[in-house]
Amino acid sequence: MDLVMRMVSEWPVVIFSRTSCCMCHSIKSLFYELGVNPVIYELDEIPKGHEIEQSLLRRGRNPPAVFIGGEFVGGASKIISLHLEQSLQPMLINAGALLEEPDVG
């Protein structure tokens, strides 16, 4: 897990994904629509991808595994729930992945 922690500590938003996973695609699309440019590691394409995926799976973190601010947040259902609860954007702002929206008024 040390390799994973080093990978996620370098960027505000990191997604461990698989190219063939439809939920991974949906989560990546959500972040792009929010204006976030996450670092995405496609586990089926990168060197040591299998090793990294096994490390994540041992801790119950199936792709898409989303880390914000170096902390594991969750998979697809958790990210969608946070978005629907309007809790995702503040997390992204706090991590420096998204600029704070200016007050209009």
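Here the structure is a predicted model, which means the values were calculated and not measured.
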Query raised in the report: Which value, rounded to the nearest 0.5 Å, describes the distance between Leu88 atom CG and Ile80 atom CD1?
Result: 10.5 Å

Requested in this report: State, yes or no, whether a side-chain contact exists between Asn37 and Val13 at a heavy-atom distance under 4.5 Å.
Outcome: no

Report task. Check the hydrophobic clustering (I, L, V, M, F, W, Y; side-chain heavy atoms under 4.5 Å; chains of links allowed) and say if Val14 and Leu3 are grouped together. Result -> yes

Query raised in the report: Shared ILVMFWY cluster between Tyr32 and Leu82, side chains joined below 4.5 angstrom?
Result: yes

**Report entry** Side-chain heavy atoms of Lys78 within contact of Ile27, under 4.5 Å
**Finding:** no

Query raised in the report: Can you tell me if CD on Gln54 sees more than 12 non-hydrogen neighbours from other groups inside 6.0 Å?
Result: yes

Query - Residues in side chain to side chain donor-acceptor pair (under 3.5 Å) contact with Asp44, at least two apart in sequence or another chain - result: Thr19

**Report entry** Lys28 with Glu42: basic N within carboxylate O range, under 4.0 Å
**Finding:** yes

Query raised in the report: Is there a donor-acceptor contact under 3.5 Å from the side chain of Ser81 to the main chain of Ser77?
Result: yes

Report summary line: Correct closest heavy-atom pair for Leu34 and Leu98 would be O-CD1, 3.2 Å

Report summary line: CG (Asp2) and CE (Met5) are apart, to the nearest 0.5 Å, by 9.0 Å

Requested in this report: Taking ring-ring contact (aromatic ring centres under 6.0 Å, His included) as the test, write out the residues that go with Phe16, two or more places apart.
Outcome: Tyr41, Phe67

Query - Exam field: side chain Ser87 to backbone His83, donor-acceptor pair closer than 3.5 Å - result: no

Requested in this report: Please name the pair of heavy atoms, one in Ala95 and one in Ile68, separated by the smallest distance, quoted to 0.1 Å.
Outcome: CB-CG2, 3.7 Å

Report task. Flag the pair Asn62 / Leu56 as yes when at least one side-chain heavy-atom distance between them is below 4.5 Å, and no otherwise. Result -> no

Query raised in the report: Do the non-hydrogen side-chain atoms of Cys21 and His25 ever get within less than 4.5 Å of each other?
Result: no

Query raised in the report: For Phe72 and Val66, what are the C-alpha separation, side-chain angles and deciding distance, and is it a side chain to side chain contact (heavy atoms under 4.5 Å, CB included)?
Result: CA-CA 6 Å; Phe72 178 67; Val66 179; 6.0 Å; no

Query raised in the report: With a 4.5 Å limit on heavy-atom distance, are the side chains of Ser17 and Leu43 in contact?
Result: no

Query raised in the report: Any Lys/Arg nitrogen of Arg18 or Glu53 sitting under 4.0 Å from an Asp/Glu carboxylate oxygen of the other?
Result: yes

Requested in this report: Mind listing the closest non-hydrogen atom pair of Ser9 and Arg6 along with its distance?
Outcome: OG-O, 3.0 Å

Query raised in the report: Under a 4.5 Å cut-off applied to non-hydrogen side-chain atoms, are Val39 and Ile15 in contact?
Result: no

Report summary line: When rounded to the nearest 0.5 Å, the distance separating NE2 of His50 from OG of Ser55 is 11.5 Å

Query raised in the report: Does some side-chain heavy atom of Ile93 sit less than 4.5 Å from a side-chain heavy atom of Leu99?
Result: no

Requested in this report: Locate the shortest heavy-atom distance separating Ala97 from Pro12; write the atom from each residue and the value.
Outcome: CB-CB, 3.7 Å

**Report entry** Heavy atoms of other groups near Gln86 CD, more than 12 under 6.0 Å
**Finding:** no

